[in-house]
2 protein chains.
Amino acid sequence: MLSYPQPLQQVIEELERLPGIGPKTAQRLALFLLSRPPQMAEDLSRALTNLHAGVQACAECFNYAAGRLCPICLDPARTRQVLCVVETASDLMALERAGEYRGVYHVLGGALSPVAGRGPEDLRIAELLARVAGEGVQEVILATSPTVEGDATAEYVRRRLREEHPELRVSRIALGLPVGADLDYADQVTLARALRGRTPMSD
Amino acid sequence: MLSYPQPLQQVIEELERLPGIGPKTAQRLALFLLSRPPQMAEDLSRALTNLHAGVQACAECFNYAAGRLCPICLDPARTRQVLCVVETASDLMALERAGEYRGVYHVLGGALSPVAGRGPEDLRIAELLARVAGEGVQEVILATSPTVEGDATAEYVRRRLREEHPELRVSRIALGLPVGADLDYADQVTLARALRGRTPMSD
């Protein structure tokens, strides 16, 4: 079978290695880039070259950082007394977009998963315990995902924190109905959680 | 709002310029690349750098080529007497995958489109007429897409060929039911075309 010229084939094959990009999409993207002035492919190429060198993990919280510390850990206006534990830096970004939280973070680097063979030693739990011991942390908010793995991770971290820091306040982000949701369409588990997590109303 | 470190943001923005890649997908792809060893981003980067320099248009048929001529035009086993006219090099690839055709091609570079402001002078029609005049071409197969624009392009090219080369055989690829299709679900236009293009059966 006839194939594309080698340099084009190469771009297609590299794009196919990305998640969610199949052979058809990879071909479409490569041909699109080829149909545009070279500048576009070069810009993307240059950005990719700088990616790993220019981005590192924050030495404090393991968020993405351009230098040693991330913008949040560098921000003197944020309180160090509250620490929010998330699975990934993307989750951190999602919480930041909400604009509600004024403390600092700790990125675990995933959730416990026997299926994926990810145990406590694969997450940054030791680093979390060290941070809590060193800094004046008063509350840890566990904001792992409300999934089986995220719940198990939150429960595991809670126990480890309890053992080493019995005085620490540990909380879990609220699970309940998303704002704007139709109660009629909510699943049973979410409804059960929303009922269990009900909060008193003041007048 | 907090954003990603500049080098990461840069990759996300460049990926967002690709067709069908929205902000969420661009972010997912960039974070995926960041989570992998640098080799992967570097391989893609290098492939992109080589893309335009390594791929050119075949001097004969305007297919993608690694050198002056594409593999098809270089192939001495292919007959020069039949010329198949397609809109794009991707269409050429699709026909090649069928493995049926043994002639050569001519890539127009698109279809006539008043909406997109693409007239005859924007397509490689003059080049086609010159090829037909020069080489011993006996038949031209018009394999533009069975769309309004593709049909109009085929009709326009047919007329131009007729004017300059009245002796030339000009044909259009068959329009009809796709193999495996359910007649019950076929649209009216396709059915009408399939009836009009019926072929005699031999026993």
Side-chain angles (χ1 to χ4, degrees), chain A residues 1-15 17-21 25 27-56 58 63-67 70-72 75 88-90 92-93 96-97 99 109, chain B residues 1-15 17-21 25 27-56 58 63-67 70-72 75 88-90 92-93 96-97 99 109:
Chain A
M1 206 198 85
L2 184 82
S3 67
Y4 289 115
Q6 176 56 22
L8 179 54
Q9 194 64 38
Q10 195 67 39
V11 170
I12 295 173
E13 279 167 23
E14 294 298 337
L15 287 171
R17 298 170 66 187
L18 298 175
I21 307 279
T25 307
Q27 183 182 311
R28 189 168 50 79
L29 293 176
L31 292 178
F32 173 82
L33 282 166
L34 192 57
S35 74
R36 291 295 146 122
Q39 190 61 41
M40 195 170 177
E42 283 162 18
D43 285 349
L44 177 54
S45 171
R46 190 162 335 101
L48 288 166
T49 304
N50 296 334
L51 181 61
H52 280 80
V55 182
Q56 54 194 84
C58 170
N63 179 20
Y64 297 121
C70 77
I72 297 171
D75 186 349
T88 65
S90 306
L92 182 159
M93 287 288 165
E96 279 301 293
R97 275 193 292 274
Chain B
M1 206 200 84
L2 182 82
S3 68
Y4 289 114
Q6 176 54 23
L8 179 53
Q9 194 63 40
Q10 195 67 42
V11 170
I12 294 174
E13 280 167 22
E14 294 298 337
L15 287 171
R17 298 170 65 187
L18 298 175
I21 307 279
T25 307
Q27 183 182 310
R28 189 168 50 80
L29 293 176
L31 293 178
F32 173 82
L33 281 166
L34 192 56
S35 74
R36 292 295 147 119
Q39 190 60 42
M40 195 169 176
E42 284 162 19
D43 285 348
L44 177 55
S45 170
R46 190 161 336 100
L48 288 165
T49 304
N50 297 333
L51 181 61
H52 281 79
V55 181
Q56 55 194 85
C58 171
N63 179 20
Y64 297 121
C70 77
I72 296 171
D75 187 348
T88 66
S90 307
L92 181 159
M93 287 290 166
E96 280 300 293
R97 274 194 292 275

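Residue numbers start from 1 in every chain, and the chains themselves are labelled A, B, ... in the order their sequence lines are given, proteins ahead of strands.
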Go through [options] and name the one with the most non-hydrogen pairs under 4.5 angstrom from chain B.
options                    : result
A:L33, A:T25, A:I12, A:L15 : A:L33
A:T88, A:D43, A:L34, A:V11 : A:L34
A:L31, A:L8, A:L48         : A:L48
A:I21, A:L29, A:L51, A:N50 : A:L51

Audit row: A:C70, B:Y4, side chain to side chain contact (heavy atoms under 4.5 Å, CB included) steps and yes/no: CA-CA 9 Å; A:C70 77; B:Y4 289 114; over 6 Å; no

Can you tell which part of [X] gets under 4.5 Å to a heavy atom of chain B, answering side chain, backbone, both or neither?
X     : answer
A:A30 : backbone
A:F32 : side chain
A:Q10 : both

If only atom types and distance count, is the side chain of [X] paired as donor or acceptor with the main-chain N or O of [Y] below 3.5 Å?
X     : Y     : value
A:H52 : B:R36 : yes
A:R17 : B:L44 : no
A:R28 : B:P19 : yes

Approximate separation, where rounding is to 0.5 Å, of A:E14 CD and B:M40 CE: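 The CD atom of A:E14 sits 7.5 Å away from the CE atom of B:M40.
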
Selection from B:G54, B:P38, B:A47 maximising heavy-atom pairs under 4.5 Å formed with chain A: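 Ranked by contacts with chain A, first place is B:P38.
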
